[in-house]
Amino acid sequence: MHKMIIIGFLLLLFTTLVVLPSLGDTRTPPRIVEFLGDQPMTRVGRPFVMLACIANPADVPISVVARLVVPEGVQVEDGTERPLTLQPSEETTLRWTLVASKPLYEDVVLEVAEGAAILAAGRVPVRFLPALEVTSPPYIPEPQPVTTKLLVGAHNCPLWEAGRPEMWSQLVKHTERTPAMGFYAQENPEVADWETKWAAEHGVDFFIYCWYRTSQGGPVTQQFGSAIEALKQSRFKANLHYTIMWENQSRGVAGVADEADLMNNLLPFWMDNYFKDPGYLVVDNKPVLFIYRPEFLVDDLGGEEQVRTAFDKMRQACRDAGFDGLWLLGEYRGLDTAHFDLMKRLGLDYTFAYCWPIGYSPSPQQAIDAQMDFIQTTEKINILPQVVTVSQAWSGWRDEWSIWKLPPTEFETLLRQAKSVVEASPDEGLGSKLLLLDNWNEWGEGHYILPYTEHGFGYLDAVRKVFSDAPEPHTDLIPEDVGMGPYDTAYRTWLAEQRELRQITHQQVFGPGAKEADGLVGWWRFDEEVTGKVALDNAGNGLGAMLREATRVPGLVGSALVCNGGGAFVPGQSGLNTTVGFTIECWVKTDLADQTDKWIVNRMYNSGESGFRLGLAQGNLTFAV
């Protein structure tokens with residue numbers, strides 16, 4: 001019996017993917033599996049370590065040279081070239097130490113060559129900041145806050161926990177996004193201290209944390225809440241306020257079951273844990289609450305009038321607790337007057353955009369003009385007042401749809417234009433007091449202003465220039481300057497584990513009849529040890545998968561895979577892509593009806609290569625190429 005593979009988000013799997021025809025030429029070129037800095041950034045005169053993992057996916061040994069090409073002003077302490085002999089499926093890790101004699105942001109290029117032929121190449125941008133003497137204070141120096149006339153807030157994406165290292169995988173493709181703290185774990189209060197220091201010193205007054213409920217209808221459980229808890233423990237928390245954006249878009253899980261659930265479970269949780277916290281954002285003695293999909297509450301609570309009544313009860317509960325009410329803001333990133341009318345009928349105080357949907361991969365000036373058009377048109381529509389948001393960039397998690405970015409200079413231009421709109425607002429409430437930045441740290445979707453490799457402190461310096469009267473000359477410290485860090489030990493440990501697991505996945509294993517099968521490319525049975533972290537390829541081609549957020553259970557034959565938001569992931573192999581006919585077979589079981597955008601087998605988004613996927617869309621089996 002064939003079984004299956006899942007790469008995606010579903011369910012309960014029994015095992016196998018079968019694809020025809022064969023893998024192709026044995027002269028497969030070497031692959032650069034990893035190429036990145038072993039640290040986020042450094043300064044002139046200090047060592048910077050580059051790391052590369054090179055693999056031989058062919059079925060014959062190869063002898064090559066790995067060569068580092070560095071920009072002018074950079075020296076490689078231990079030589080630029082490394083001769084390598086790699087056996088079939090072997091992978092090796094190399095390191096080079098770089099030192100720069102001048103500040104720069106340029107690419108370091110890795111070439112894997114056989115004679116004069118370059119078989120593989122990769123590039124990583126590196127940043128060397130101006131020289132600064134390393135000091136050893138007892139702790140992070142106290143923030144030197146700047147004052148702003150407006151309250152400037154930044155949306156904060158709290159996905160970066162030590163237990164979810166795979167969330168950083170997008171940055172391995174986009175190493176220019178590497179944060180100044182590396183691939184950090186947000187639950188570390190020391191990380192919160194750095195973020196608080198950088199925010200306060202550049203005019204960011206508060207964070208808006210995305211807040212996720214994990215089940216509704218009972219006592220509150222949540223995920224990704226560690227960033228708020230770390231801020232609460234920060235030594236510098238008095239310098240920064242916070243609020244939450246209720247991420248209620250996951251129907252049946254993240255919203256409310258009814259009004260009683262809202263008033264007896266959710267609101268008391270927020271009141272006790274957030275609203276009453278001295279660090280929570282309260283304006284005119286009213287806590288500020290952002291709601292991501294307020295229109296979903298119409299179904300949750302049974303109608304528009306029920307939502308309005310519930311909002312009134314929430315405000316009254318806040319008055320009973322000693323506040324003067326509650327500010328309710330609903331997310332909307334469009335210009336449909338019917339939607340604004342709905343939001344007004346629901347009883348929301350303001351509309352705001354988490355980000356702006358700017359299509360067609362615009363130029364920086366086009367992105368500025370498009371955002372200002374959204375902002376100014378919302379003002380003209382004048383159905384519901386807005387709290388203005390400005391976006392710095394967008395790519396999406398998979399580099400899909402529209403991809404764009406404002407350099408810091410253009411971002412400063414946008415900030416000044418948006419500031420003028422806020423200052424001219426006739427609104428006497430939040431509309432004339434707040435301005436929102438999208439986003440502090442959404443590394444996966446490609447919008448962020450937290451210090452990082454490509455632009456350093458450029459975005460935060462733009463915020464400081466526009467919203468504060470503080471003098472421009474100032475010193476921005478990175479952890480290395482005061483002998484602190486690293487903060488990405490969990491992620492680096494996970495990367496090392498992935499290297500070991502990749503070696504295991506290359507094992508040659510043959511399931512029953514696999515040797516006799518014609519053109520069998522991959523066969524994943526999931527019959528390894530229950531605690532195993534890999535699923536071997538029983539077709540004998542060494543295309544094993546690594547398990548993430550998935551566990552084995554007894555199946556119809558042998559074991560099955562329960563996918564709790566994850567699956568079995570085959571490291572990128574061109575052998576799984578084809579431009580000729582092929583067959584996929586798998587056994588799947590789910591107890592949840594009407595799922596959409598859930599993919600059982602997914603070979604899409606492979607660095608521009610052709611791809612395919614099999615799964616569910618609007619409850620129907622779907623195959624896409």
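- No side-chain donor from either of Asn156 and Tyr242 sits under 3.5 Å from a side-chain acceptor of the other.
- Atoms CD1 and NE2, on Ile383 and His339 in that order, are 11.0 Å from each other to the nearest 0.5 Å.
- Between the side chains of Gln386 and Tyr350, no donor-acceptor pair is found at a separation under 3.5 Å.
- At least one donor-acceptor pair under 3.5 Å links the side chain of Asn239 to the backbone N or O of Phe236.
- With sequence neighbours excluded, no residue forms a side chain to side chain donor-acceptor pair (under 3.5 Å) with Thr453.
- The shortest distance between side-chain heavy atoms of Gln249 and Phe296 falls below 4.5 Å.
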Evaluate side chain to side chain contact (heavy atoms under 4.5 Å, CB included) for Leu415 paired with Leu437, printing each intermediate quantity in order. CA-CA 9 Å; Leu415 292 176; Leu437 308 175; 3.7 Å; yes
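- Residue Asp438 holds its CG atom at 10.5 Å from SG of Cys157, rounded to the nearest 0.5 Å.
- Gln75 is linked by a side chain to side chain contact (heavy atoms under 4.5 Å, CB included) to nothing, counting only residues two or more places apart in sequence or in another chain.
- Side-chain contact, Glu247 with Trp211: no donor N or O sits under 3.5 Å from an acceptor N or O.
- Leu329 is listed as a side-chain neighbour of Trp327, based on a closest heavy-atom distance under 4.5 Å.
- Gln222 has its side chain out of reach of Tyr212: every pair of non-hydrogen atoms, C-beta onward, lies at least 4.5 Å apart.
- A donor-acceptor pair under 3.5 Å is absent between the side-chain atoms of Glu379 and the main chain of Gln376, judged by distance alone.
- The closest side-chain heavy-atom distance from Leu406 to His447 is not below 4.5 Å.
- For the atom pair OG1 of Thr42 and CG of Leu98, the computed distance is 10.5 Å after rounding to the nearest 0.5 Å.
- Atoms CD1 and CZ, on Ile54 and Arg82 in that order, are 10.0 Å from each other to the nearest 0.5 Å.
- Trp246 and Trp270 have perpendicular rings, their planes meeting at more than 60° on a 0 to 90° scale where under 30° would count as parallel.
- Qualifying ring pair (Phe, Tyr, Trp, His ring centres under 6.0 Å) partners for Tyr448, counting only residues two or more places apart in sequence or in other chains: Trp443, Tyr452.
- Between the side chain of Arg43 and the main chain of Leu132, no donor-acceptor pair closer than 3.5 Å is present.
- A donor-acceptor pair under 3.5 Å is absent between the side-chain atoms of Lys344 and the main chain of Leu384, judged by distance alone.
- The closest donor-acceptor contact from the side chain of Asp193 to the backbone of Arg235 lies under 3.5 Å.
- Between the OH atom in Tyr292 and the CE atom in Met245 there is a gap of 6.5 Å [rounded to 0.5 Å].
- We find that Glu480 and Arg46 are joined by a salt bridge, their nearest charged nitrogen and carboxylate oxygen being less than 4.0 Å apart.
- The backbone N or O of Ala353 sits less than 3.5 Å from a side-chain atom of Thr389, completing a donor-acceptor pair.
- Looking only at distances, no side-chain donor or acceptor of Ser391 sits under 3.5 Å from a matching main-chain atom of Ala393.
- Pairs passing the salt bridge (Lys or Arg N to Asp or Glu O under 4.0 Å) check and including a residue from residues 403-419, sequence neighbours excluded, read Lys405-Glu454, Glu412-Arg416, Glu412-Lys465, Lys419-Glu423.
- Shown here are the side chain to side chain donor-acceptor pair (under 3.5 Å) partners of Gln223, two or more places apart in sequence or in another chain: Arg164.
- In this view, His474 and His202 satisfy the ring pair (Phe, Tyr, Trp, His ring centres under 6.0 Å) rule, not counting sequence neighbours.
- Remark: Gln186 pairs with Ser226 by the side chain to side chain donor-acceptor pair (under 3.5 Å) rule, at least two apart or across chains.
- Side-chain contact between Thr147 and Asp469 is absent, with no heavy-atom pair separated by less than 4.5 Å.
- In this structure, CG in Asp481 is found 7.5 Å from CG in Leu129, a value given to the nearest 0.5 Å.
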Name the atoms and distances for all side-chain donor-acceptor pairs under 3.5 Å in residues 283-291, with sequence neighbours left out.
residue	atom	partner	partner atom	Å
Asp284	OD1	Lys433	NZ	3.2
Asp284	OD2	Lys433	NZ	2.8
Asn285	ND2	Gly322	O	3.4
Asn285	ND2	Asp324	OD1	3.4
Asn285	ND2	Asp324	OD2	3.4

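- In the model, Arg177 has a side-chain atom that pairs as donor or acceptor with a side-chain atom of Ser395 under 3.5 Å.
- Counting only heavy atoms from C-beta outward, the side chains of Val152 and Leu434 never approach each other to under 4.5 Å.
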Tell me, with the steps shown, if Arg499 and Glu34 meet salt bridge (Lys or Arg N to Asp or Glu O under 4.0 Å). CA-CA 10 Å; Arg499 294 178 200 123; Glu34 286 179 37; 3.0 Å; yes
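- Side chain of Tyr332 to main chain of Asp336: a donor-acceptor pair is present (N/O by atom type, distance under 3.5 Å, no hydrogens or angles).
- Side-chain atoms of Thr377 never come within 3.5 Å of backbone atoms of Phe374 as a donor-acceptor pair (strictly under, hydrogens ignored).
- Judged by distance alone, the side chains of Thr148 and Asp205 do bring a donor and an acceptor atom under 3.5 Å apart.
- Applying the side chain to side chain donor-acceptor pair (under 3.5 Å) test to pairs two or more places apart or on separate chains, those with a residue in residues 352-362 are Tyr354-Asn439.
- With respect to the salt-bridge test (charged N to carboxylate O, under 4.0 angstrom), the residues Asp38 and Arg492 qualify.
- Here the side chain of Trp160 pairs no donor or acceptor atom with the backbone of Glu442 at under 3.5 angstrom.
- Sorted by first then second residue, the salt bridge (Lys or Arg N to Asp or Glu O under 4.0 Å) pairs that include residues 128-155, not counting sequence neighbours, number zero.
- In this structure the side chain of Leu150 reaches within 4.5 angstrom of the side chain of Val422, judged on heavy atoms.
- Applying the side chain to side chain contact (heavy atoms under 4.5 Å, CB included) criterion to Ala192, with sequence neighbours excluded, gives Ala230, Ser234.
- Within the 6.0 Å centre-distance limit, the rings of Tyr491 and Phe183 are counted as a close aromatic pair.
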Worked verdict on His155 versus Asn441 for side chain to side chain donor-acceptor pair (under 3.5 Å): CA-CA 8 Å; His155 287 285; Asn441 58 346; over 6 Å; no
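- In summary, the side chains of Trp440 and Glu195 do present a donor paired with an acceptor at a separation below 3.5 Å, with no hydrogens or angles considered.
- Screening residues 101-111 for side chain to side chain donor-acceptor pair (under 3.5 Å), with sequence neighbours left out, gives Arg67-Glu111, Asp107-Arg123.
- For the pair Ile228/Phe207, no side-chain contact is recorded, criterion being any heavy-atom separation below 4.5 Å from C-beta on.
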Side chain to side chain donor-acceptor pair (under 3.5 Å) evaluation trace for Thr243 with Tyr209: CA-CA 6 Å; Thr243 179; Tyr209 289 102; over 6 Å; no
